[in-house]
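Predicted, not measured: the structure shown is a model, and the values here were computed from it.
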Amino acid sequence: MELTLWTYEGPPHVGAMRVATSLEDVHYVLHAPQGDTYADLLFTMIERRDQRPPVTYTTFQARDLGGDTAEMVKTSVRDAYERFKPKVMLVGESCTAELIQDQPGSLAESMNLPIPVVSLELPAYSKKENWGASETLYHLVRKLLLSSALPPGTVRPERDSAIRPKANIIGPTALGFRCRDDIQEVMKLLAEIGVDVNVVAPLGATPDDLMRIPDADFNICLYPEIALTTCDWLKRNFAQPMVKTVPIGVGATRDFITEIGEIAGIDVSRALRRSHADTLGNWSASRLSSLAAPGASRLPWYSRSVDSTYLTGKRVFIFGDATHAVAAARIATEELGFTLVGIGTYSRKFARQVREVAKQHGLEAVISDDYLAVEEAVAEAAPELVLGTQMERHIAKRLGIPCAVISTPIHVQDVPARYSPQMGWEGANVIFDDWVHPLMMGLEEHLIGMFREDFEFAEGHMSHLHTAPHVSNEPAPTAVMAHSTGAVAANADDKPMAAASGDADEANWSPDGIAELKKIPFFVRGKVKRNTEKFASDRGITSITVDTLYEAKAAIGK
Amino acid sequence: MALQPCTETPDKTINNDLHPQASEKTPVQGVATQDFPVLKERGQREVFCGLTGIVWLHRKMQDAFFLVVGSRTCAHLIQSAAGVMIFAEPRFGTAVLGERDLAGLADANDELERVVAQLLSRRPDIKTLFLVGSCPSEVIKLDLAKAAEKLNHRYFPGVRVLNYSGSGIETTFTEGEDACLASMVPVLPEKETEAPALMVVGSLADVVEDQFKRLFDQMGIGPVSFFPPRRASSLPSVGKGTKLLIAQPFLSGTARLLMARGAELLPSPYPFGIEGTTTWLKTAAEAWGIDADVFDQAIAPAVARATTGLEHYKQVLNGRKAFLFPDSQLEIPLARFLSRECGMELIEVGTPYIDRLLMDAEIALLPKGTALSEGQDVEKQLDRCREARPDITVCGLGLANPLEAEGLSTKWSIELVFSPLHGYDQTADLAELFVRSTERRRRLSV
């Protein structure tokens, strides 16, 4: 038993729903009690989908348990087939149905429907959403393609050099992070280097499309949390190599192009050269008037522009799924000049690579799906910017720290109307804006730093974009406006709480010491306070004065 | 699907024969609900489970914590229904069952004790802890009553531990509040005298409670208590002389348990709209023998305000067609308001279940022959809705955008549960919710 207040991931059947909803002509019959239909609203509200997810729930009740719940499964499968006429049926169960052991998958398979039936067994008490999505995609692809798998050891014939290479893009799903726009951006990259897209799956694919997966020369494992298992299987059974680089950020996008060049055996040097050369001169007339010019990222030049010097060494804390966290760490440190002060993921399966990144930066990775542990880590690290999920957005609000969302779990504002990819050149542009805008602007920061005692600079004043955190520990006075999108309430409301400044215990501080402490920007004040107190106690100093404060600063550094 | 007289009562555990003699006295009683054919459906039900009630109950009772004993699905449901993460640390959580718990490798009671200890040390401000049963905990027959008893030995009187089930196999959406309140009934203090006292039952917005309290005071009705109270540790007393005025139409179990403790039910339509509110207040006034003039004088200003406020919306809604999907149990009272006070035509009024003890007075006010449906087969109901092309469809969040995309105007039913809509001064707000989507369509030209 594990105490959970908020969760990063739903149960595995929600992952299966994400895959089913991504696809066309696929229907999912879910053996589940009344109430589990809540999951529909994730899609119709957060993503504003104009159709219900293609899911039929048996919605059994207590009175059905004594009777024939297995018959309910069969009826639901039959009715769903008749009504929706899918080309493939997924059949599975949610946590409660798992306990009553009706084995809906086997039941459905025994019904001799004229379409493939994929039985999904997703253990709800040990696994989670992303795993459920990954397994669902894998079992679906395997079901459709197993009979045409190549004999072991088959070597793929050389591609005729007159034919352009073809790639599958595997992994984008409903309720993923900016998948809709990432696909477009990756397709632009592929077009530029002369690679054709064979199939994009699961988002927007039909079962017939899935059947065509083997026609491609290689697979792009775009979202490893969801695509890796499938891409591995395709590699083993269809000798399709896999592109593993995820093109988020300028450097990673260049690496992505390079990797494709190697795997597909094509020359990508022009695209790479352009990505280096075409970062300046965005204002020339020929460029402004050309619609055809392939995009390039403005991030490199914007980051080098003097206006960005204030970004140097900004303390950033990163948390998300492993793929987005690792990508964010690279962009933050190599492309924006931030300092990484914390990194973590809730994806335990992919924790290793996050740990590696943490190690490179002398940090201990936070591998946890307990948001309280994450909150503690954020407060401890005292970052100036948090890059995280919707959970960290709330943690950051509570602590009064600017935040940008970089990963699932998402909310309605993470599905923006505008084109807003994370991948490729435009993705890098979007990231530059999304991460930098929440921060205090350069001169503004200086003025606030110099004239902290100006009566109009409220405590915790951060920027033109942020209200000052308020000091009470009470939750925000929002009426429980539980629209499930919650966006209105969530935005209107929760002013951040006092920063984790740890102001409460000031026993060891002299009045001048405490006055000086309060002049320190509040987002690092907690850390300075703790460091100074440790410095003092190590030296047996019982009253911390202004001098102690500066001595500690000199000894410890920022 | 055959049309049958309405028969179903939702209550599986409580003896339905605890019938109040009081009901015969009330003016609206006695209209045969048999006159209303009910379409009873079994099929996919697109409704929340009772756990969802935690979303408002944890705000209503400020010293209570709701610990769901369930699965990751339960945690995900509440989080999704609550408008993800409005509060960084809410007064609810889930003890997520793992494989070890299911395989019996871990003793569920020990585990629960550990989790509760962890929780209470984090939140010393908690005075009442609800252990909330879920589908998985019910199916594995985890005895939360016993667990609560054990925990009470350890924590009471500092913390009182209660338990109820919000599982989807036993409760729909608002039945969770009923189960929660029912779990509190046995610990309500015994009323000291047999003098009449009014108990208003059902979670109301604080502002609405205050409005009703002022009206009761003006009429001379009292003492008045509200159940649930704003603090779970300040429980109202109950016993002979307690008169129950039910404010929410989904409290079947609670009402029956309170009656078993000697309270008398004052059956009434619910205080939605001017008519509903007046009838509801009048029910109490009659029980107190309040003079008609005093009553009229007390309500006159509020009625006048509500009439003015409603007038504009009434014109917009008049003659339009409404279709209500089953969701919160508020459907029948709302349909009555929409039909009688706003002039709307009712295509179909769906509701998860019909408890005649609590709904007779409302059904009697519906236009004769209104199509009532009980339970749900969502696909068939959607077919009927599409066929009827109503002007406004009241439905859950899972259905709203898809119906909008088909060109139908919708109102999310969940907003009807989470907004202050009872009473005179909220009547215009209530009507406005139904007008808004139509008005929005009128404004938009994209």
Side-chain angles (χ1 to χ4, degrees), chain A residues 1-7 10-11 14 33-42 44-45 48-52 56-62 65 76 83 94-96 99-100 123-126 128 375 390-391 394-395 397-398 409 411 475-476 478 480-486 489-490 493-494, chain B residues 12 44-49 51 55-56 59 71-73 75-77 79-90 93-99 101-102 106 108 111-112 114-115 118-119 135-136 138-140 167-170 172 205 379 396-402 405 412 414-415 418:
Chain A
M1 224 176 260
E2 185 195 343
L3 179 61
T4 303
L5 301 180
W6 299 118
T7 64
V14 168
Q34 166 175 273
D36 282 3
T37 52
Y38 82 88
D40 284 359
L41 69 84
L42 301 172
T44 64
M45 298 304 287
R48 303 175 202 253
R49 289 205 166 236
D50 59 358
Q51 284 179 17
R52 290 161 61 217
T56 296
Y57 306 78
T58 57
T59 55
F60 57 85
Q61 294 173 264
L65 290 178
S76 297
R83 181 175 278 268
S94 76
C95 53
T96 307
L99 298 172
I100 58 177
Y125 297 91
S126 55
K128 294 176 200 154
E375 178 164 16
Q390 274 296 325
M391 310 276 236
H394 284 262
I395 289 172
K397 261 188 186 173
R398 267 165 71 88
H411 213 324
T478 320
V480 181
M481 276 298 293
H483 332 153
S484 117
T485 66
D493 67 24
D494 34 2
Chain B
K12 290 128 242 160
Q44 177 176 325
R45 295 171 74 122
E46 189 88 10
V47 293
F48 286 134
C49 66
L51 295 181
V55 175
W56 64 89
R59 287 289 137 203
S71 65
R72 178 163 298 280
T73 314
H76 198 234
L77 157 90
Q79 166 170 333
S80 309
V84 184
M85 296 166 284
I86 296 172
F87 305 100
E89 183 154 356
T94 309
V96 176
L97 295 162
E99 280 185 321
D101 304 294
L102 298 178
E111 283 290 288
L112 195 54
R114 181 180 57 77
V115 168
Q118 186 190 345
L119 179 70
C135 298
E138 298 294 332
V139 169
I140 64 170
S167 80
I169 57 175
E170 288 170 312
T172 71
E379 303 293 354
L397 290 169
L399 302 179
N401 263 339
W412 315 339
I414 197 163
E415 199 173 6
F418 291 156

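Neither the backbone nor the side chain of E138(B) comes within contact range of chain A, judged by heavy atoms closer than 4.5 Å. Neither the backbone nor the side chain of S167(B) has a heavy atom closer than 4.5 Å to any heavy atom of chain A. Of the two parts of L51(B), neither the backbone nor the side chain holds a non-hydrogen atom closer than 4.5 Å to a non-hydrogen atom of chain A. Contacts between S94(A) and chain B at a heavy-atom distance below 4.5 Å are absent for every atom of the residue. In this structure, chain A has heavy atoms under 4.5 Å from both the backbone and the side chain of L97(B). With a 4.5 Å cut-off on non-hydrogen atoms, Q51(A) touches chain B through its backbone but not through its side chain.
The choice from A405(B), P402(B), C49(B) that makes the most heavy-atom pairs within less than 4.5 Å of chain A is P402(B). Top candidate by heavy-atom pairs under 4.5 Å with chain A, chosen from T73(B), D101(B), N401(B), is T73(B). Taking V139(B), L399(B), I140(B), V47(B) one by one and counting their heavy-atom pairs under 4.5 Å with chain A, the maximum is reached by V47(B). Ranked by heavy-atom pairs shorter than 4.5 Å toward chain A, the options L77(B), L102(B), V115(B) are led by L77(B).
Ion pairing between a basic and an acidic side chain is recognised when a charged N comes within 4.0 Å of a carboxylate O; E2(A) and R114(B) show no such pairing.
Side chain of S80(B) to main chain of Y38(A): no donor-acceptor pair is present (N/O by atom type, distance under 3.5 Å, no hydrogens or angles). Listed for the T94(B) side chain is no donor-acceptor partner under 3.5 Å among the backbone atoms of V96(B). No side-chain donor-acceptor contact under 3.5 Å links Q34(A) to the backbone of T59(A).
Evaluation of the side chain to side chain donor-acceptor pair (under 3.5 Å) rule for R48(A) yields no partner, not counting sequence neighbours. Annotation: ring pair (Phe, Tyr, Trp, His ring centres under 6.0 Å) contacts of Y57(A) (sequence neighbours excluded): none.
Here CG of L41(A) is found 10.0 Å from CH2 of W412(B). Values are rounded to the nearest 0.5 Å.
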